[in-house]
**Student:** 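Below you will find the structure I want to go over with you.
Side chains included, hydrogens not; waters and symmetry mates left out as well; all remaining heavy atoms used. Note that the coordinates shown come from a computational prediction; the quantities given were computed from them, not determined experimentally. Throughout, a chain's letter reflects where its sequence line sits, starting with A, and its residues are numbered from 1.
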Number of protein chains: 2
Amino acid sequence: MARIKTDNNVSRKEVIVAKAAILFREKGFKAASMRDLAESVGVEAASLYNHIKSKTELLHELCFGVANRFMQRIEEVEQEKIPAAEKVEKLLRFHINEMVHHYEEVYVSDREWKHLSDPYLSNFQNQRRIYRKRFAAIIETGIRANEIEPIDAPTAVLIFLHAISGIESWHRSKQKISAEALENNMITILVDGLYPRK
Amino acid sequence: MARIKTDNNVSRKEVIVAKAAILFREKGFKAASMRDLAESVGVEAASLYNHIKSKTELLHELCFGVANRFMQRIEEVEQEKIPAAEKVEKLLRFHINEMVHHYEEVYVSDREWKHLSDPYLSNFQNQRRIYRKRFAAIIETGIRANEIEPIDAPTAVLIFLHAISGIESWHRSKQKISAEALENNMITILVDGLYPRK
DNA sequence: ATAACAAACTAACATACGTTAGCGACAAAT
DNA sequence: ATTTGTCGCTAACGTATGTTAGTTTGTTAT
């Protein structure tokens, strides 16, 4: 019988969740079947249910895991005593790093949350809305302090978050630049803009 | 018997494709069923097959419709005799306008192309890759002419395209700013950057 | 060694899905 | 008025999916 391999201090459930992230990323939540997942774990489909309650639970786990990390980080940043513009840059770098190093989970959380079902769905949407509002608030503080160009803050947030989710393409591309080069290029473009400083 | 309503010069197939775009956008390709689509068209599921060959054909239609429009546009822009930086801005504005006015199709083409099957899948991926290369080439021309900050051009393209796909959030948001305001804000942020010009 | 528990298996169910076959109803052309 | 072709309907098929029940195997603790 083929047991699920677990490194120390990693539950079998966590192994399943991790494999699910990979699968959901490459096929999408709906198109990825429990039998696919079972195969990638090395076990029969029914056996998964010794460790998880349902397919949707896997999605919960992934979405809220990611959401919680971002929430925690923005709270830390909010409380630092530094200029708002620096807070923005810190958040951007955090987003970039999350996308680079926890690619699958972040990607799935970003694109597949629609398939959550209530009450988790509304809960997730709320958290998302709140996060963006708080991010926008930081930008607006920066604008009032003349650290940041007077732009529409919600639009800026929307651009930032989606721009960073584009790291997906970087992950898949053949000739990757290094992760640090990527991070710095992104910050340059997003923060400094396209045209040369005079 | 409930016939599919068609305004003049619009085939029933086009009506179905348009409804499919809406449905695929809100549920995702896999989660949207032919029975859902039938209901939104006002007809039984089997009746759809008098007008289309398969569910996947609907996705082809949408993806390649969008891809062709972008390809045509970039060819026009390439041939204009204007500075590269202006070409970039023209392309950005085109992307923004497409996303604002053909929301559903563009969104579906962007997120659901994975569910195409070969040979359409490889074909689509190719077009996509080529498009991005040509976009990057324009940026690189601009860099050599000192019109554009020396950045990694592929990264810039990736940021632009994904940033613009964020207009999705604008479409769904309650308190929308106007489409023109959105366009100008996006151009400002993407092109001029976040910090004030000195 | 044996009891007790965790975790795998086989078999199966109910449901949902894409799609086909065949028939009847309406519209347009003769 | 009759024919012809378009378009919609009902019924159904085959397959895939998430999940449950019940059983067997392997591991851990006494």
**Student:** Give me the residues of residues 114-121 of chain B where at least one heavy atom lies under 4.0 Å from an atom of DNA chain C, by number, or none.
**Tutor:**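 Residues of residues 114-121 of chain B under 4.0 Å from DNA chain C: none.
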**Student:** Closest to the B:Arg12 side chain: C:dT10, C:dA8, D:dG8?
**Tutor:**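 Side chain of B:Arg12 sits closest to D:dG8.
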**Student:** Using a 4.0 Å cut-off on heavy atoms, which residues in residues 18-38 of chain B reach DNA chain D? List them by number, or say none.
**Tutor:**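 Per residue number, the list reads B:Arg35.
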**Student:** Please report, to 0.1 Å, the donor-acceptor pairs under 3.5 Å made by any side chain of residues 39-53 of chain B, with sequence neighbours excluded.
**Tutor:**
{"unit_1": "B:Ser40", "atom_1": "OG", "unit_2": "B:Leu37", "atom_2": "O", "d": "3.4"}
{"unit_1": "B:Ser47", "atom_1": "OG", "unit_2": "B:Glu44", "atom_2": "O", "d": "3.4"}

**Student:** Hey, could you give me each pair passing salt bridge (Lys or Arg N to Asp or Glu O under 4.0 Å) that has a residue in residues 117-131 of chain A? Not counting sequence neighbours.
**Tutor:**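 Listed once each, the pairs are A:Asp110-A:Arg128.
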**Student:** Whole angstroms only, please: what is the CD-P distance between A:Glu39 and C:dC9?
**Tutor:**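 Taking atom P of C:dC9 as the reference, CD of A:Glu39 is at 13 Å.
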**Student:** Hey, could you give me each pair passing salt bridge (Lys or Arg N to Asp or Glu O under 4.0 Å) that has a residue in residues 175-189 of chain B? Not counting sequence neighbours.
**Tutor:**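 Sorted result for residues 175-189 of chain B: B:Arg93-B:Glu183.
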**Student:** Any donor and acceptor pair, going by atom type alone, linking the side chain of A:Glu86 with main-chain N or O of A:Pro83 inside 3.5 Å?
**Tutor:**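 A pair under 3.5 Å: no.
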**Student:** Please output the side-chain donor-acceptor pairs of residues 154-164 of chain A that fall under 3.5 Å, not counting sequence neighbours, one pair per line with the distance.
**Tutor:**
{"unit_1": "A:Thr155", "atom_1": "OG1", "unit_2": "A:Asp152", "atom_2": "OD2", "d": "2.5"}
{"unit_1": "A:His162", "atom_1": "ND1", "unit_2": "A:Leu158", "atom_2": "O", "d": "3.1"}
{"unit_1": "A:His162", "atom_1": "NE2", "unit_2": "B:Glu168", "atom_2": "OE1", "d": "3.2"}

**Student:** Can you list everything that forms a ring pair (Phe, Tyr, Trp, His ring centres under 6.0 Å) with A:His102? Sequence neighbours excluded, please.
**Tutor:**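 By the ring pair (Phe, Tyr, Trp, His ring centres under 6.0 Å) rule, A:His102 matches no residue at all.
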**Student:** Just the rounded figure in Å: distance from C1' of D:dT17 to CG of A:Leu48.
**Tutor:**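 Taking CG of A:Leu48 and C1' of D:dT17, I get 13 Å after rounding.
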**Student:** Run the side chain to side chain donor-acceptor pair (under 3.5 Å) test against B:Tyr131 and tell me which residues pass, sequence neighbours left out.
**Tutor:**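 So B:Tyr131 forms a side chain to side chain donor-acceptor pair (under 3.5 Å) with B:His95.
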**Student:** Within the structure, does a side-chain N or O atom of B:Ser47 lie under 4.0 Å from either OP1 or OP2 of D:dC7?
**Tutor:**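 Indeed not, no polar side-chain atom of B:Ser47 lies that close.
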**Student:** B:Glu44 has an atom CD; how far is it from atom P of C:dA21, in whole Å?
**Tutor:**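 Result: 19 Å.
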**Student:** Using a 3.5 Å cut-off and no angle test, enumerate the donor-acceptor pairs between side-chain atoms of residues 16-27 of chain A and protein atoms at least two apart in sequence or in another chain.
**Tutor:**
{"unit_1": "A:Lys27", "atom_1": "NZ", "unit_2": "A:Asp36", "atom_2": "OD2", "d": "3.2"}

**Student:** Can you list every pair that meets side chain to side chain donor-acceptor pair (under 3.5 Å) and has a residue in residues 58-69 of chain A, with sequence neighbours left out?
**Tutor:**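 Non-adjacent pairs meeting side chain to side chain donor-acceptor pair (under 3.5 Å): A:Arg69-A:Glu98.
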**Student:** Below 4.0 angstrom, which residues in residues 49-62 of chain B have at least one non-hydrogen atom near DNA chain D?
**Tutor:**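 Only B:Asn50, B:His51 qualify.
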**Student:** Verify the neighbour count for atom NZ of B:Lys114: are there more than 12 heavy atoms of other residues, nucleotides or ligands below 6.0 Å?
**Tutor:**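 Correct, the count exceeds 12.
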**Student:** Return the set of residues passing ring pair (Phe, Tyr, Trp, His ring centres under 6.0 Å) with A:Phe135 (not counting sequence neighbours), or none when no residue passes.
**Tutor:**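 For A:Phe135 there are no ring pair (Phe, Tyr, Trp, His ring centres under 6.0 Å) partners, ignoring immediate neighbours.
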